[in-house]
Novice: 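After the structure tokens below, expect a handful of questions from me.
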2 protein chains.
Amino acid sequence: MVIHHKEKTFFTSKDLALSVIGGRWKIAIIWCLLQQSPLRLSEIQKYLPDVNQRMLIRQLRELEEDKIITRVVYPVVPPKVEYQLSEIGLLLEPVVTSICDWGDNFREFLKENADKTSVE
Amino acid sequence: MVIHHKEKTFFTSKDLALSVIGGRWKIAIIWCLLQQSPLRLSEIQKYLPDVNQRMLIRQLRELEEDKIITRVVYPVVPPKVEYQLSEIGLLLEPVVTSICDWGDNFREFLKENADKTSVE
DNA sequence: AACAATACTGACGTTTTTGTCACTATAAAC
DNA sequence: GTTTATAGTGACAAAAACGTCAGTATTGTT
């Protein structure tokens, strides 16, 4: 979705922010890690069954590169890897919350709209 | 970027929200219309010179379909069309604001990080 | 030696998104 | 009747995003 901040200098904060969190599943991943932390890959997959593993890993890598999440590998068998939000990642909480809140409003709005049109 | 809410029933508010505002330039458009309203197409283009016109129009159409913005055509020559946020669209202000705020934080974070690595 | 569970990676093809180019409509002004 | 400005549309190409499949590594258990 996005041009990354390493490839381009952004002038506005929103563009910079979107270059990091604009990926298709990134808000979803951040949302998971706000619910519960740390999470293993397999646990994130349970939260987000619609995302295929390949994609999930790609988005996790990008978030890690941008220092939004941290990745800790435990040298055990079977392998264990834990993901959690970094300090700057945790600051995304208001973004996720405001999106969820607006989604609630919009759902309500859609419902009212549907009611109206079915009455007419 | 997104699967639209007309094609799928979303269970979480964030997924519903992202199905509407997840498009590449949508936050940018909404941001413009929060700065100043109403705006004509040509004025939005001045705010967002990186978006080509075709794309801008497509995103405007989608936002209009979802009732996030309204489009008013004045029957004059040359044509005049004004866009502005609807009631539900205006409620996106906290989303845009929180994204901008986080962007500021992240820019600061990047700068600190760059300072550190250049010292080492 | 085969199998198990977890967390991956690489190659590749498909789909979606984005961009480009050329074109249209309008009515007034020249 | 040609030009002007604004706001578009259609067809298509290019690029980016996404998904699928098969495969790797690890080492303890059977």
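Numbers restart at 1 for each chain; the letters A, B, ... are given by sequence-line order, proteins then strands.
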Novice: Between Ile44(B) (CD1) and dT6(D) (P), how many Å, whole number?
Specialist: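 Whole-Å distance recorded here is 14 Å.
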Novice: Whole-Å distance between dG19(C) C1' and Trp25(B) CH2?
Specialist: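 Result: 11 Å.
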Novice: Quick check on contacts: within residues 52-67 of chain B, what sits under 4.0 Å from DNA chain D by heavy-atom distance?
Specialist: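 Nucleic-acid contacts, sorted: Gln53(B), Arg54(B), Ile57(B), Arg61(B).
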Novice: Think Ser42(A) has a side-chain N or O under 4.0 angstrom from the OP1 or OP2 of dA7(C)?
Specialist: yes
Novice: Which whole-number value in Å describes the distance from Lys26(A) NZ to dA17(D) C1'?
Specialist: 12 Å
Novice: What one-letter contact string describes nucleotides 23-30 of chain C from 5' to 3', where B marks a base within less than 4.0 Å of any protein heavy atom, S marks contact via sugar-phosphate atoms alone, and - marks no contact?
Specialist: ---BB---
Novice: By side chain to side chain contact (heavy atoms under 4.5 Å, CB included), which residues pair with Arg54(B), not counting sequence neighbours?
Specialist: Asn52(B), Arg58(B)
Novice: Which residues pass the side chain to side chain donor-acceptor pair (under 3.5 Å) test with Ser13(B), not counting sequence neighbours?
Specialist: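 Partners of Ser13(B) under the side chain to side chain donor-acceptor pair (under 3.5 Å) test: Asp104(A).
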Novice: Cut-off 3.5 Å, no hydrogens considered: what does the side-chain donor-acceptor table look like for residues 68-84 of chain A, sequence neighbours left out?
Specialist:
from	atom 1	to	atom 2	distance (Å)
Thr70(A)	OG1	Gln84(A)	O	3.4
Tyr74(A)	OH	Glu82(A)	OE1	3.1

Novice: Gln36(A): which residues meet the side chain to side chain donor-acceptor pair (under 3.5 Å) condition with it, sequence neighbours left out?
Specialist: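 Scan of Gln36(A) (side chain to side chain donor-acceptor pair (under 3.5 Å), adjacent residues dropped) gives Tyr47(A).
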Novice: Sequence neighbours left out, what passes side chain to side chain donor-acceptor pair (under 3.5 Å) with Glu65(B)? Give chain and number order.
Specialist: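 Checked Glu65(B) against side chain to side chain donor-acceptor pair (under 3.5 Å); matches are Lys6(B).
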Novice: Report for the helix from dA1(C)-dT30(D) to dC30(C)-dG1(D): angle between first-end and last-end helix axes, five pairs each, rounded to 10 degrees.
Specialist: 40°
Novice: Sequence neighbours excluded, which residues qualify as side chain to side chain contact (heavy atoms under 4.5 Å, CB included) partners of Ile57(A)?
Specialist: Leu41(A), Gln53(A), Arg61(A)
Novice: Which atoms form the tightest heavy-atom contact between Ser19(A) and His4(A), and what is the distance?
Specialist: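 Looking at all heavy atoms of both residues, the closest pair is O-CD2, 3.7 Å.
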Novice: Does a side-chain N or O from Tyr74(A) land closer than 4.0 Å to OP1 or OP2 of dT26(D), or not?
Specialist: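 Checking dT26(D) against Tyr74(A), no side-chain N or O comes under 4.0 Å of OP1 or OP2.
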Novice: Calculate, to the nearest 0.5 Å, the distance between atoms CG and CD1 belonging to Asp66(B) and Ile21(B) respectively.
Specialist: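 Going from the CG atom of Asp66(B) to the CD1 atom of Ile21(B) covers 11.0 Å.
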Novice: Just by distance, do the side chain of Trp102(A) and the backbone of Gly89(B) share a donor-acceptor pair under 3.5 Å?
Specialist: no
Novice: Check Ile27(B) against Val95(B) and note the closest heavy-atom contact, atom names and distance.
Specialist: CD1-CG1, 4.4 Å
Novice: What is the separation between atom NZ on Lys46(B) and atom C1' on dA5(D), rounded to the nearest whole Å?
Specialist: 12 Å
Novice: Can you list, in residue-number order, the parts of residues 30-41 of chain A that come under 4.0 Å of DNA chain C, counting heavy atoms only?
Specialist: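 Close to the strand are Arg40(A), Leu41(A).
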Novice: If I take atom CG in residue Leu48(B) and atom P in nucleotide dT18(C), what distance separates them, rounded to the nearest angstrom?
Specialist: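 These atoms are roughly 14 Å apart.
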Novice: Search all heavy atoms of Ala17(B) against all heavy atoms of Gly103(A) and return the closest pair with its distance.
Specialist: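 Smallest heavy-atom distance, with atoms named: CB-CA, 3.9 Å.
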Novice: Nearest whole Å is fine: how far is dA7(C) P from Tyr83(A) OH?
Specialist: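 Value for this atom pair: 8 Å.
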Novice: Only counting residues at least two apart or in another chain, list the ones meeting side chain to side chain contact (heavy atoms under 4.5 Å, CB included) with Leu110(A).
Specialist: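 With sequence neighbours excluded, Leu110(A) shows a side chain to side chain contact (heavy atoms under 4.5 Å, CB included) to Phe106(A), His5(B), Leu16(B), given in chain and number order.
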Novice: Restricting to salt bridge (Lys or Arg N to Asp or Glu O under 4.0 Å), what partner residues turn up for Lys26(A), sequence neighbours left out?
Specialist: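 Lys26(A): salt bridge (Lys or Arg N to Asp or Glu O under 4.0 Å) contacts with Glu62(A).
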Novice: Roughly how many Å is it from NE2 in His4(B) to P in dT15(C), rounded to a whole number?
Specialist: 21 Å
